[in-house]
Structures are given as C-alpha cells and as structure tokens.
Student: 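Please read through the structure below; I'll follow up with questions.
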Amino acid sequence: MNSPMDQNNTPATETKRGPRSQRLRFGIAAAVVAATAVGGTVTAFAVNNDGQTGSARTTTASAASAKATDAGSEGPLSTKKADIVDSRGKKVVLTGVNWFGLETGSFAPHGLWARNWQSMLDQMAKQGFNTLRLPYSNEMFKASSKPNGIDFQKNPDLKGLTPQQIMDKIVKGATDRGIRVILDQHRPDQYGQSELWYSQTLTEKQWLDDWVKLAKRYQNNDRVIGADLHNEPRGQATWGDGNPKTDWRLAATKAGNAIHKVNKNWLIFVEGTDRFGTDQYWWGGDVQGVQKHPVKLNEPNKVVYSPHEYGPGVYNQNWFMAKDFPKNMPGIWEKRWGYIKKQNLAPIMLGEFGGRKTAGKSSEAIWQNAMIDYLKKNGISYTYWGWNPNSGDTGGVLNNDWNTIDQNKMKMLSKYQEPLLKEKGK
C-alpha cells in the first residue's frame, strides 16, 4: 500500500485516482497525517474513519489473543510445501498487522505524536496480532534523515535516536511481547513507492546492501522472521522473462541469496506483480508466474509468496459488481495466488488487505468478511492493512484518536487469529 506523507509531506484530504488502464491500485493511503512538533507537543491531522469508537482497555480480544500462548517453538521458521513451520516442524500461521510510518518523511512509525510507542505495542498484542509487518524506506538509513512527528514527552526514550535506532526499539518491543516481525522495503525514499526494486534514488546494489545489513543486524533475534523484499512491484516489473532490468523473480532470487549468505534463518517474502500477460490486477497481487517460474533460492524451504489484495473501497473492479458476488471471489483469488496454496507449491501470506467498512451490507464489508473467511478456511497467513487510522482508502484498526479500537474491524479479524509467542522472560 502507498502510505501517507505523499506530495512532499503536505497534508492531503482526498484520495488521488487515475485511469484504470494505468493503475489498478490507486492512491492507497493518500490521506496524510501532518505532524508538527511545537514546543514538545504535536498536532495531527487525520482523515475520517467509519469505525465505531470503543475503549481499547475494554475491547474483548479473541480467544486466541486473550493471553499470549506458545504459537510454535523458538528458533527459525522454514517452509514445508504450502505451510510455514517452526524448528520442530509444527505449522505456524501468521495473523498480523501493518504499522507504517518509518517509510515516510516522519522516519518513525506514525501515531507517536499521540501516544507512547510501548503502549501501542501492548495494545497490538492485546488485540491478538502475532505478527508485525514493519514498512521502511531506504532513505531512513541516511545520516540526513531525522525522525519527526514524535511527542518526546510521551516518548522520551526516542529522543536523539536515528530512524534505525527507532526501528531497533520497535523490533525489540514487538518481539519481547511475543509478536514476530517481518521487515518490509516499502519505498526507496520518503516520497513514494517505486515500480521496480531500484529507482532514480536507489540503486540495486544499495537495495541489496541494505537488506544484508538488516539481516546481519537482527540475526540474533529469532522472532525477526524475514524480509518482504520490495513492496508492490508493478508497471515495468515482469515475472520470469529473464530481463535483468525488469524480471522481479530474478531480483528476488538475487536478494534472497544475498540475505542468506549472512542470515540463513530468514524467510524470504516475495510479492507478485500487477499483471500476468494481459491480465491486469492489483499492485503486487498476481503470482500466476510462479507456476512455471518459481523463486528458487540456494537455501531451500525459505520462500513465502506474499500478494496484496484490495476491495471496492480502493477500486470498484468488475468482479465486485458481478451477480454472484461474493461467491465469485474465491475463483478470482485462486487464479491469481490461491492456487499456490491449493496445489501445495509454497506458503502464501497475504501481505496486505483492508478497507474501511467491515460491518453492514456494503460491498466493501461483504468483501472483507469473504476474504477473512477464505483465509481461515485455507489456513493462509496474513498481515492486515493497517494498524494506522491515517490510511486514506482503508482506515485502520485504530480509530482517529490513535487510542481506541474500531470494534467492527476487530470483530471481523478475531474470527481468524492464531496465538502469539510467549512474552520473553515469562
């Protein structure tokens, strides 16, 4: 998903959309939070949220999340046919959430102008999310990148830290609470996503070098489970045609092997592209090419395919208006990515899906509930987009106050949540 803080970090109040022939995933999260620190305080501007207000302290989590229980053994994860498994061979299902901001001009997860980062993670764990997908931009590693949009009175331990050091805090805080972490290269810089894994501001070499550095940095934390190599390949991106400048499968293979030279434990999460032949789909959503051209790494049993999927709240595709909707959706999903699970080829983790409405008779609510039912029926992992309320087309698990929970969303998501790992030290 395209995160906020676009258009040179100026506040946006509407979602930008373009011609369908050019883009199927339009302006996702185009609404912006503008966070301005003044005298130790922060003012935030956020978009409206359709969710109902409810107290985070009184929210009833699912049975799976009522307490943090052992969701597999400690140690590295790997794959066994269509399943992710732990070091004992026990199946592991990731049912998580995205918390964005590090990839934007804030160079820090969003919402820290409103509350303490540790309370945010406490609440995330309480809601039963056993995995955190954490987006970042390569620009955050530059010395000139300074974290902002943080109320340091609420977060005094973040003052003076670099973006990388803030990432360290979030990673340790999440994993200490029993939440596994996936790092997501979401953007080359703060200004937007890129079609390919390299851009005008990011070379392929730097993209690879940054992944190797992260793999080394977190190699002693078994709960940091892997790398989502590049967010939403599209446009020029191809799959399996052998062109080193555009073939995403080749680039993913190169990156996965480079990471495994320094850290053999990581799973390698590989998104799709936006098309297969003349078949256009969501950005990063189509992995039909895996049938003939799978990603094969030197380190076996480490590839997880991670498409993205969205509903009519993002763009009203023809299939959402079909007479047999939503019964038609499983066939559409299985053609693009679900077949990989059905045919026992490899695991699938749906890296992003989401929307504003989860209750009622709107097509958006019907679609989201059909999706969670499909994922549960087939035992497919996911990380929901997103935790943040300031995602323009989808909103988030949190309401606009950054404190209370959208009860309807959690009611839906709690239908399919697997346990967290045990808290460290407990």
Side-chain angles (χ1 to χ4, degrees), residues 1 49-72 84 91-100 111 119-133 174 177-182 308-311 313 326 329-330 333 348-362 364-389 391 394-423:
M1 175 168 287
N49 190 313
D50 292 334
Q52 297 178 348
T53 300
S55 171
R57 293 175 181 267
T58 59
T59 297
T60 301
S62 68
S65 63
K67 61 179 180 178
T69 53
D70 188 4
I84 299 170
K91 182 178 177 180
V92 171
V93 179
L94 310 174
T95 52
V97 71
N98 291 265
W99 182 17
F100 63 78
S119 74
M120 200 86 83
L121 291 174
D122 286 338
Q123 190 179 27
M124 206 176 289
K126 182 178 179 180
Q127 296 308 312
F129 295 110
N130 70 16
T131 305
L132 172 62
R133 180 173 177 258
R177 288 164 173 79
I179 301 172
R180 290 182 167 106
V181 172
I182 299 166
H308 292 183
E309 185 82 29
Y310 281 94
M329 293 310 304
W333 297 329
I348 289 284
M349 188 199 76
L350 196 64
E352 292 183 17
F353 81 101
R356 290 192 171 276
K357 296 179 180 179
T358 55
K361 297 182 179 180
S362 70
E364 177 67 26
I366 292 169
W367 177 86
Q368 287 208 72
N369 281 275
M371 172 59 79
I372 203 75
D373 291 344
Y374 178 82
L375 296 174
K376 181 178 181 179
K377 179 181 178 180
N378 293 283
I380 295 174
S381 295
Y382 70 86
T383 48
Y384 188 74
W385 188 277
W387 181 250
N388 309 44
S391 180
T394 67
V397 172
L398 291 180
N399 287 312
N400 283 345
D401 61 7
W402 284 94
N403 283 281
T404 57
I405 295 292
D406 184 325
Q407 302 285 4
N408 286 333
K409 285 192 176 179
M410 280 314 308
K411 183 178 180 181
M412 180 192 75
L413 292 169
S414 66
K415 292 192 295 184
Y416 181 41
Q417 287 185 302
E418 294 295 318
L420 287 76
L421 289 165
K422 291 179 180 177
E423 291 182 51

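Just so it is clear, the structure is predicted and the values come from calculations on it, not from any experiment.
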Student: Run Trp385 and Phe100 through ring pair (Phe, Tyr, Trp, His ring centres under 6.0 Å) and show every step you take.
Tutor: CA-CA 9 Å; Trp385 188 277; Phe100 63 78; 5.0 Å; yes

Student: Is the closest side-chain heavy-atom distance between Met124 and Val97 below 4.5 Å?
Tutor: yes

Student: Given side chains that start at C-beta, do those of Leu398 and Met120 come closer than 4.5 Å, heavy atoms only?
Tutor: yes

Student: Before you tell me yes or no, could you show the steps for Leu350 and Ser381 under side chain to side chain contact (heavy atoms under 4.5 Å, CB included), namely the whole-Å CA-CA distance, both residues' side-chain angles and the distance that decides it to 0.1 Å?
Tutor: CA-CA 6 Å; Leu350 196 64; Ser381 295; over 6 Å; no

Student: Do you know the tightest heavy-atom contact between Lys91 and Gly379?
Tutor: NZ-O, 4.0 Å

Student: Does Val397 form a side chain to side chain contact (heavy atoms under 4.5 Å, CB included) with Ile405? I'd like the steps, not just the answer.
Tutor: CA-CA 6 Å; Val397 172; Ile405 295 292; 4.0 Å; yes

Student: Determine yes or no for a side-chain-to-main-chain donor-acceptor pair under 3.5 angstrom, with Tyr382 supplying the side chain and Ile348 the backbone.
Tutor: no

Student: Quick check for you: to the nearest 0.5 Å, what is the distance between Thr131 atom OG1 and Glu418 atom CD?
Tutor: 10.5 Å

Student: As a test of understanding, state which of Gln368, Gln407, Glu364, Lys411 forms a side chain to side chain contact (heavy atoms under 4.5 Å, CB included) with Thr358.
Tutor: Gln368

Student: Using ring pair (Phe, Tyr, Trp, His ring centres under 6.0 Å), reason through Tyr384 and Phe353 one step at a time and then give a plain yes or no.
Tutor: CA-CA 5 Å; Tyr384 188 74; Phe353 81 101; 5.0 Å; yes

Student: Dump the intermediate steps for side chain to side chain contact (heavy atoms under 4.5 Å, CB included) on Glu352 and Arg133, then the final yes or no.
Tutor: CA-CA 9 Å; Glu352 292 183 17; Arg133 180 173 177 258; 2.9 Å; yes

Student: Answer yes or no: is there a side-chain heavy-atom contact under 4.5 Å between Tyr310 and Met371?
Tutor: no

Student: Could you pull out the closest heavy-atom pair between Ala174 and Val181, with the gap in Å?
Tutor: CB-CG2, 3.8 Å

Student: Decide yes or no on side chain to side chain donor-acceptor pair (under 3.5 Å) for Lys357 and Asn408, but give the supporting numbers first.
Tutor: CA-CA 8 Å; Lys357 296 179 180 179; Asn408 286 333; over 6 Å; no

Student: For Asn403, does its backbone N or O pair with a side-chain atom of Gln123 as donor and acceptor, under 3.5 Å?
Tutor: yes

Student: Given side chain to side chain donor-acceptor pair (under 3.5 Å), test Ser119 with Asp122 step by step and report yes or no.
Tutor: CA-CA 5 Å; Ser119 74; Asp122 286 338; over 6 Å; no

Student: Using only atom types and a distance under 3.5 Å, with no angle test, would you say the side chain of Asn388 pairs donor to acceptor with the backbone of Gly386?
Tutor: no

Student: When you compare the side chain of Asp373 with that of Leu375, does any pair of heavy atoms fall below 4.5 Å?
Tutor: no

Student: Show the nearest heavy-atom pair for residues Lys409 and Thr394, with the distance to one decimal.
Tutor: NZ-O, 2.8 Å

Student: Give me the atom names and distance for the closest heavy-atom approach of Ile372 to Leu413.
Tutor: CD1-CD2, 4.0 Å

Student: Testing Asn98, Leu94, Ile179 one by one against Leu132 for a side chain to side chain contact (heavy atoms under 4.5 Å, CB included), which residue passes?
Tutor: Ile179

Student: For a quick test of reading the model, state the closest non-hydrogen atom pair linking Ala365 to Gly360 and the distance between them.
Tutor: CB-O, 3.8 Å

Student: Walk me through whether Asn130 and Gln417 qualify under side chain to side chain contact (heavy atoms under 4.5 Å, CB included).
Tutor: CA-CA 8 Å; Asn130 70 16; Gln417 287 185 302; over 6 Å; no

Student: Write down the atom of Asn400, the atom of Pro389, and the distance for their closest heavy-atom approach.
Tutor: OD1-CB, 3.7 Å

